[in-house]
**Student:** 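Once you've had a glance at the structure underneath, I'll fire off some questions.
Just so it is clear: chains get the letters A, B, ... in the order the sequence lines come, proteins before strands, and each one is counted from 1. What you see below is based on every heavy atom in this structure, not just the backbone, and it leaves out hydrogens, waters and symmetry mates.
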Amino acid sequence: MVDVIDKAREEFLSEAQELIEALSRSVMALDELQNASSEDPALVNETFRIVHTLKGLSGIFSAKAIGTLSHQVEDVLDVLRLGKLQSSEEFIDVLLRVVELYWLLLANEKSGEEPPDLEPTLEQLRQFASRAGAERVESSSAQELDPTLLAVLTEYEEHRLRTCVERGFSLFKVRVCFRLETLDKELDAIKSVLTPLGEVITYLPTGEASSIDTIELDLLLASPSGAEDIEAAASTKSVRVVPVLLRSPRASQPERALERVAFTPPITVAPPPDQEQSPRRVRESELMTTGAIRSVSQTVRVDIRKLDTLMNSVGELAIVRGALGRVSERLRAEGKRQLATELQRLHRSFERRLGELQSGILEVRMVPLSQVFDRLTRVVRQISRDVGKQVRLVITGSDTEIDKLIVEELSDPLMHLVRNAIDHGIETAERRLALGKPEQGIIAINAFQKGNHVVLEIEDDGGGIDEQFLIQRAVHSGALGEGQATELSRGEVMNLVFLPGVSTREQVGDYSGRGVGMDVVKTNIAKLGGVIDLHSERNIGTKITVTLPITLAIVSALLVRCAGHTFALPLTSISEALSLDAANVRRINHREVYTLRGASLPLCRLEQLLELTTHSGHITPSGRRRFVVVATVGNRRLGLVTDELLGQEDIVIKSLGKSLRGVRGFSGATELGDQRVALVLDVAAVIEEVLHGGDAREPELRGTIDA
Amino acid sequence: MPELVHSDWRLSSRVLGKGLHEFLSFRLADESYVVELALVREISSPPALTKVPRAPVGVMGVCSVRGLLVTVFDLRYRLRVPLSPQSRTSRILLTSAGAEDELVGLFVDEVKHVIRLEGSEIEPPQSALGIEAPDYVIGVGRKQGDVFVVLNLVGLMS
Amino acid sequence: MRILIVDDSNATRTFSREALEVAGLDGLEVSEADSGLEALRLLPRGPYDLIITDINMTGVNGLELLSFIRSHELHHTTPVLLISTQQSERDQERGSQLGANGFLAKPFTRERLLEVVTELVRRGASRG
């Protein structure tokens, strides 16, 4: 029962996160506008809408703090959109703080800790609101709008409508007939044509011309352009554009009747016509709305664990594929060549499809890095202001995609690297001028894909790393012996920064000084299967390169020890682990079989299969207490005998190098806590090897059985 | 002293002709060897190595270098030099001379220093060693009384 | 009992769905639509014993959906519950005029939702 109720809450957290991200982007856009001293009512409305939605959502899920904050922000945004308040740098600052608070509150919802004190920010918001008079005033325009039209508009939509009318826009109904199956795509297409022309307020189903598989909609468009321009923009498909009459001088446009023809895909987007208004402003709103729409109609939110389950199924299919290959060989050996060839053809086809399926699933896990980068922009702005330096963040390649799990873990290390760059890398404006550099420092983040990896470059044009200082710190912290310093190459000196105790500064800055040093960043990157490198030159800058695998295989694994070796066994292939009772072991034809709850389980002693020796060089004699781990793949089972069970751990599987490709039985290796490496057993391959494929009733064990 | 003709010794793309070349010298048991410095990416103290069961002979194990999984080979095996236990001076040379430019580690007993040798200071193996020289030996170098075997790292790893 | 929930918030839909499922209503079948348009697509699959829809959705909003529902041959008398935000009396007025059978203001509790749903379904059933 508890599980059922938690699902809604999980979705709430996920939705809230998306909304806060959207809000963050909105605020950044508002900031840009404010800097350019221009306005965009649609953007303000969009921002209002996001906060309004957050408020509603938080109410249902009893997230009081978020609700309180949203309520106040809503009030202020309302005043802003009514034109009773002008945006300013201080105002944007408060909004940025609001976004930050939202993130904190969301985190608190997850952790259940005490929320931060909202009062100071609430007070600031109240002051902004009161400065302008926070009451919602009915628009002064006495435009009479068609009552039947108004009857189906929500209050919000009506407000939008009136605002557009006040700006001098005319109203049109753009009537289009859509095919139900491709409705989403067609709608998106027509919207992308119309949005540059003005604002699409709502869609009204006309109730006519709808057969089983079509539907007709009137898109209500407010636009400063004329009907002809709108028709021209929609030129590649047939729409009927009907002006909505208003009782005002502007509205005397004769109705234009177009032939209504059936809607024909495909759709091409016509370029927006010239308008009096600055095209940039409208494009901004286009960005906002198309972004929002996309998240509703074209994407599906997937629990990443479901993808893992799918991947497992694919793994099992891989075993079937192997078996298919063997059957075809047997057929050939028995002289049935034609059948064998046919089966082989099918086998190859199966292999291809399987590969496609595997890549397809991996692709689904991918998300663009922009998720992480968006937050960075906000952070850079704030920190640079707080420490009094001028810094500009330039990001390229933000649509490079990487596994969702990696993205979630990447946020912290990236944030830290960027903070470092601002705190310690970029010099103060005066110093920079003295050095002949431009006043504004630059941090450039570049992301791109390279083979099976994603490379992230974080480069700043600051002062670089002081080698001598590094060496001193390393010696001081005991990581480096005094005499060793001279032996180091330049590259090795740079890598000193990753040693614990070296990169924490004496003076604790607000952000970087919390004792989290570069060693932690390195560890976090390593945990993701990634690598970090650093190049620096005095007075020129520092470049940090992070290389990450595109996708991550995090699995839960059981760690076991056998003959002094530690192995990881992915839990998906294990059904149980138990103490070995020697009394239940029987020998049948040189094989060992274990009786488990009445059934026979073939045994495999790992140290024999893998030819393990302890350091002393002998195979461990049996006699001590041992364990059996029951490995199950498909419908085949094998009991793996090992010395110790070390417990469960979530691991990242990294592939072994090409030089080890011939080694059987391992799917890779993983780094356990203290940089020790444990090999990951390829359970399916081991079962294959031991049970020789297919027929579990005739198991054969490799190696000899010891006494 | 005859000049080295690199095509005989299946070198990496670098031409080892006249002129000065930088090498890194190291010790395996009692022998001194050198390899081209440019091929050595990094030198580190041997981290904890995990043995790989059923790996080919000469593979000492795998380890993690700043998150990257690296296979470590025992050069002493390849060169048939007697093994001695790890000591304070043991080192791993990281080089991308592995198959398909894979980054691999090479275990050595001690790293000495960087030396510069002229192409003319390297004697081709046949005349120096007097036997059918393995393709991983470029030649024998002499400098100030010391003798080094100049190794072809790429040839060694293939 | 077939109920259609229309709301562009995944979380809110799940919340409402769970509230209904937990109550153990007889023969409960819940369908979901994440937009007014999606709801339009699902309408032919009726009849439904109740349609619950949020008013404030982008695109086809709840009022427009209601208006369409009332003009649809299958759904002249299908009970419709409108979910509104607290301050919008005008939305409620309009909803009334268009033929909504009930209103629930956000935020609502599971219990309140259940109360209202049960009442509306009962009334709808008795109307035949």
Side-chain angles (χ1 to χ4, degrees), chain A residues 1 4-16 18-19 49 52-53 55-63 67 136 148 150-158 178 180-181 183-184 187 191 200-208 210 212-213 215 217-220 289 292-293 296-297 301, chain C residues 7-19 21-22 34-44 54-73 82-95 97-98 104-110 113:
Chain A
M1 200 56 101
V4 167
I5 298 198
D6 276 343
K7 181 164 183 260
R9 192 168 167 76
E10 259 181 58
E11 288 189 353
F12 157 61
L13 294 171
S14 173
E15 232 170 272
E18 281 181 19
L19 286 167
R49 209 171 215 291
H52 183 77
T53 311
K55 187 179 86 169
L57 206 57
S58 64
I60 297 212
F61 290 93
S62 313
R136 275 200 211 182
T148 47
L150 278 185
V152 290
L153 292 186
T154 63
E155 208 173 312
Y156 174 80
E157 286 168 346
E158 186 185 324
F178 298 95
L180 274 179
E181 344 167 356
L183 181 58
D184 289 328
L187 246 189
K191 285 190 66 165
V200 175
I201 310 258
T202 187
Y203 332 139
L204 315 160
T206 61
E208 298 167 31
S210 36
I212 303 289
D213 48 5
I215 184 167
L217 295 177
D218 274 340
L219 282 80
L220 190 61
T289 29
I293 299 307
V296 169
S297 62
R301 263 183 251 146
Chain C
D7 194 319
D8 52 9
S9 157
N10 277 14
T12 311
R13 280 199 321 273
T14 308
F15 178 87
S16 305
R17 169 197 271 271
E18 287 173 355
E21 283 174 347
V22 162
D34 66 0
S35 65
L37 281 176
E38 184 64 23
L40 292 180
R41 260 194 280 213
L42 292 181
L43 281 182
D54 191 18
I55 290 185
N56 282 294
M57 298 183 290
T58 40
V60 176
N61 66 49
L63 295 172
E64 286 153 354
L65 180 61
L66 173 58
S67 156
F68 190 83
I69 287 174
R70 286 290 175 252
S71 65
H72 196 287
E73 49 184 359
L82 289 180
I83 310 285
S84 64
T85 52
Q86 268 190 342
Q87 298 105 318
S88 47
E89 292 102 18
R90 189 180 316 167
D91 284 346
Q92 293 187 17
E93 246 178 65
R94 292 196 179 141
Q97 285 177 356
L98 291 170
L104 193 54
K106 280 196 225 189
F108 52 85
T109 58
R110 290 189 186 93
L113 175 66

**Student:** Are any non-hydrogen side-chain atoms of C:L82 and C:L63 less than 4.5 angstrom apart?
**Tutor:**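 The answer is yes, as the side chains (C-beta and beyond) meet within the 4.5 Å cut-off.
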
**Student:** Relative to chain A, which of C:G62, C:G36, C:S9 shows the most heavy atom pairs under 4.5 Å?
**Tutor:**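 Looking at each of C:G62, C:G36, C:S9 in turn, C:S9 comes out on top.
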
**Student:** Anything under 30° is parallel, anything over 60° is perpendicular, the rest tilted; go ahead and classify A:F61 against C:F15.
**Tutor:**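 Correct class here is perpendicular.
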
**Student:** What part of C:L98 gets closer than 4.5 Å to chain A, counting heavy atoms only: side chain, backbone, both or neither?
**Tutor:**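 Answer is side chain: those atoms of C:L98 sit under 4.5 Å from chain A.
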
**Student:** Does any non-hydrogen side-chain atom of C:E64 lie less than 4.5 Å from one of A:E157?
**Tutor:**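 Side chain of A:E157 against side chain of C:E64, heavy atoms only: contact under 4.5 Å found.
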
**Student:** Just by distance, do the side chain of A:E15 and the backbone of C:N10 share a donor-acceptor pair under 3.5 Å?
**Tutor:**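 Yes: the side chain of A:E15 pairs with the backbone of C:N10.
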
**Student:** Could you tell me which portion of A:L57 (side chain, backbone, both or neither) has an atom closer than 4.5 angstrom to a non-hydrogen atom of chain C?
**Tutor:**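 Side chain only.
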
**Student:** With a 4.5 angstrom heavy-atom cut-off, which part of A:L19 approaches chain C: side chain, backbone, both or neither?
**Tutor:**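 Contact with chain C: none, neither part.
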
**Student:** Does A:E10 offer a backbone N or O that forms a donor-acceptor pair with the side chain of A:S14 under 3.5 Å?
**Tutor:**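 Side chain of A:S14 to backbone of A:E10, a donor-acceptor pair under 3.5 Å: no, none is there.
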
**Student:** Where does C:L65 contact chain A at under 4.5 Å (heavy atoms): side chain, backbone, both or neither?
**Tutor:**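 When you check distances to chain A, no heavy atom of C:L65 falls under 4.5 Å.
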
**Student:** Which one, C:T12, C:T109, C:V60, leads in non-hydrogen pairs under 4.5 Å with chain A?
**Tutor:**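 That would be C:V60.
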
**Student:** In Å and rounded to the nearest 0.5 Å, what is the CG to CD distance from C:L43 to C:E38?
**Tutor:**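 It comes to 10.5 Å.
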
**Student:** If I take atom OG from residue C:S84 and atom NZ from residue C:K106, how far apart are they, to the nearest 0.5 angstrom?
**Tutor:**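 Here the rounded value is 9.0 Å.
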
**Student:** Tell me, out of A:V200, A:L217, A:L153, who's got the most heavy-atom pairs with chain C below 4.5 Å.
**Tutor:**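 Of the candidates given, the most pairs with chain C belong to A:L153.
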
**Student:** Where on A:L13 is there a heavy atom nearer than 4.5 Å to chain C: the side chain, the backbone, both, or neither?
**Tutor:**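 When you check distances to chain C, no heavy atom of A:L13 falls under 4.5 Å.
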
**Student:** Where on C:S71 is there a heavy atom nearer than 4.5 Å to chain A: the side chain, the backbone, both, or neither?
**Tutor:**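 Neither part.
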
